[in-house]
Amino acid sequence: MSDIVIQVENLSKYYNLGVVGTGTLSHDLNRAWAKLRGKPDPTLRIDQTIQQFNNSTGKASDDYIWALRDISFEVKQGEILGIIGRNGAGKSTLLKILSRVTAPTSGECRVKGRIASLLEVGTGFHPELTGRENIFLNGAILGMTKEEIKQKFDEIVAFAEVEKFIDTPVKRYSSGMYVRLAFAVAAHLEPEILVIDEVLAVGDAQFQKKCLWKMGDVSKEGRTVLFVSHNMVAVQSLCQKVMLLDKGEMVQNGPANQIVSNYLRYCLTSTQMDQVWKNQDEAPGCEEVRFRRISIQINDQDNNMITMETPFLVIVEYWNEIPAACLHITLHIRNEQGIVAFTTGSCQEPGWNGQSLEKGIYRSICHMPKNLLNSGRHSITILVVRDLANIIYMYEDALVFDIVDNRDRSGGWFGKEPGVVQPYLEWKTEYVGSKIPSQRLLKR
Ligand SMILES: Nc1ncnc2c1ncn2[C@@H]1O[C@H](COP(=O)(O)OP(=O)(O)OP(=O)(O)O)[C@@H](O)[C@H]1O
Ligand SMILES: [Mg+2]
């Protein structure tokens, strides 16, 4: 059909686990730059080796992982497709294949029109070039003339709010500035297909809102948007259709509301209150920071149950690989409807003033008081934040736990009280007299 702009058939991608952690970024960047310079793809060799290996043995080795397995779908022109799934589901891999940053191991994807991508690794920018030069480079890659790019230039710079730094090499940009410019470039250079990976995880709330509006506008202009996000509220409000991936496989594909609510239910199937990683390379995280342990602990070890009246600790231990980094941990506590009950961060610690942390292992402990959350299933997403504003890693639903309702209602209402929180607040009722006050008195 003519209005189909992306057609993916039996797409699979195999990765060598030996290069996880150290290899991810450089491997992908090398490939992107080789492509830009018209050089052969340096990663093709590994894919071919895997292919040969596969053909000869017919089965996978333990050292490899299927990041994507047998994915097929179509996207129509002007659609906004949301792609959701837990960490490691294959979302970024799918976007990288569609953007031709990495090659599939098998299967096919046909894309009609120019793609502009904002991938999690920001592959579209050359670090040595200035913001200005990168805008022209990206425009040229998209096949635009110098004149066309010039017309868009001011709009891009204003949107990204980087006027002062436009002639600075982007390697000197903060990660927030980098992403702002990358988004502005991708969204304004009039691609037929816009591919956005996790932009909402980076940058401040104001900018995130601006990006969502912009994506909506892009699709109203008849262009197609593929949007990967962990923010279910954003996905639901922006996308008509959503695809749910899990462990490289497509679990569901359909109307946004239905798929998102299935996902929230399916995500929270079992509790997860303690996770430990002995090997740093296998731990969730990014190049800068990896988790070592995340757990919920309560005092009463015999009775491993959290009631509304149980105070508990959220413990996050991590390896910091950045010398002199200003880091803190933020928690997003969600209820079973996916509503964020509240957020809290280790920067609230008394005496915290943005001091830098040396390389090493750190432990942040958050004390959750009793009588705060309502009963029911909850999850905690853990974010690692750098320089107070830049989220460098987000671990969605890292902890999942139940809060049991054991409040004594003494014969009153026994159902679940509405509300995401159920704090015990201070109340006072006092006798103010037996007579109805006269109008005259009330006026005074
Ligand atoms: N370059 C790479 N080398 C080896 N393994 C990789 C590489 N890139 C991704 N993987 C693995 O492939 C799987 C899918 O990763 P991918 O980054 O696509 O997941 P994701 O859904 O984007 O996760 P997240 O929500 O954390 O961003 C994971 O198991 C990951 O460890
Ligand atoms: Mg990803």
Side-chain angles (χ1 to χ4, degrees), residues 8 11-32 34 41-47 49-50 60-71 81-99 101-105 107 109 117-123 179 195-202 226-232 234-235 242-252 263 266-267 275 277 279-291 294 332 379 381-384 391-398:
V8 171
L11 200 70
S12 296
K13 174 76 183 175
Y14 225 17
Y15 270 126
N16 180 351
L17 277 184
V19 295
V20 168
T22 53
T24 311
L25 187 68
S26 54
H27 175 95
D28 290 341
L29 280 173
N30 282 343
R31 202 191 136 89
D41 170 9
T43 64
L44 216 55
R45 203 167 38 83
I46 191 170
D47 291 339
T49 317
I50 294 163
S61 138
D62 288 345
D63 296 339
Y64 295 97
I65 189 169
W66 287 104
L68 284 178
R69 196 153 197 170
D70 213 13
I71 306 280
L81 174 70
I83 301 169
I84 61 173
R86 307 196 65 166
N87 295 97
K91 307 179 294 294
S92 299
T93 305
L94 178 58
L95 294 195
K96 284 182 202 164
I97 293 174
L98 290 173
S99 311
V101 168
T102 194
T105 308
C109 70
S117 334
L118 180 54
L119 302 177
E120 57 183 358
V121 289
T123 36
V179 163
V195 169
I196 303 289
D197 192 345
E198 290 286 29
V199 66
L200 297 179
V202 189
L226 263 58
F227 174 47
V228 161
S229 179
H230 285 286
N231 178 338
M232 290 306 125
V235 168
V242 167
M243 179 196 302
L244 170 59
L245 295 179
D246 187 42
K247 297 190 191 94
E249 295 189 21
M250 190 167 85
V251 182
Q252 284 177 323
Y263 171 63
Y266 140 99
C267 258
Q275 295 205 72
W277 294 270
N279 187 346
Q280 193 171 346
D281 293 338
E282 287 163 12
C286 51
E287 276 180 274
E288 297 99 330
V289 169
R290 293 203 176 266
F291 292 116
I294 45 186
H332 290 180
S379 71
T381 291
I382 304 177
L383 298 91
V384 183
I391 296 162
I392 58 172
Y393 190 71
M394 175 166 74
Y395 189 178
E396 186 83 4
D397 298 329

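Read the numbers this way: they start at 1 and go in the same order the structure lists the ligands and their atoms. All heavy atoms count here, side chains included; hydrogens, waters and symmetry mates do not.
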Could you tell me whether some N/O pair between Lys91 and ligand 1 is separated by less than 3.5 angstrom?
yes
Rounding to 0.5 Å, atoms CD1 (Ile84) and CE (Met243) come to a distance of 10.5 Å
So do Ile97 and Cys109 actually touch side chain to side chain, heavy atoms under 4.5 Å?
yes
List every atom of ligand 1 that sits less than 4.0 Å from any heavy atom of Ile65, numbering the atoms from 1 in the order shown and giving each element.
29 (O)
Which ligand 1 atoms are under 4.0 Å away from a heavy-atom of Ala89?
19 (O), 20 (P), 21 (O)
If you look at every heavy atom in Gly85 and Leu244, which pair is closest and at what distance?
CA-CD1, 3.9 Å
Any N or O on Gly85 sitting closer than 3.5 Å to an N or O of ligand 1?
no
Before you tell me yes or no, could you show the steps for Val384 and Phe291 under side-chain contact (heavy atoms from CB on, under 4.5 Å), namely the whole-Å CA-CA distance, both residues' side-chain angles and the distance that decides it to 0.1 Å?
CA-CA 10 Å; Val384 183; Phe291 292 116; 3.8 Å; yes
Please state whether the separation between the Mg ion (ligand 2) and some N/O/S atom of Ser92 is under 2.8 Å?
yes
When you measure from atom 6 (C) of ligand 1 to each heavy atom in Tyr395, Tyr15, Tyr14, which option holds the nearest one?
Tyr15
Any atoms of ligand 1 less than 4.0 Å from a non-hydrogen atom of Thr93? List them with their elements.
14 (C), 15 (O), 16 (P), 18 (O)
So the atoms of ligand 1 within less than 4.0 Å of a heavy atom of Ser92 turn out to be 17 (O), 18 (O), 20 (P), 22 (O), 27 (O)
Report yes or no: does Lys91 contribute a side-chain atom to a donor-acceptor pair with the main-chain N or O of Phe227 at less than 3.5 Å?
no
Tell me if a side-chain donor or acceptor on Thr105 pairs with a main-chain N or O of Tyr14 at a distance below 3.5 Å.
yes
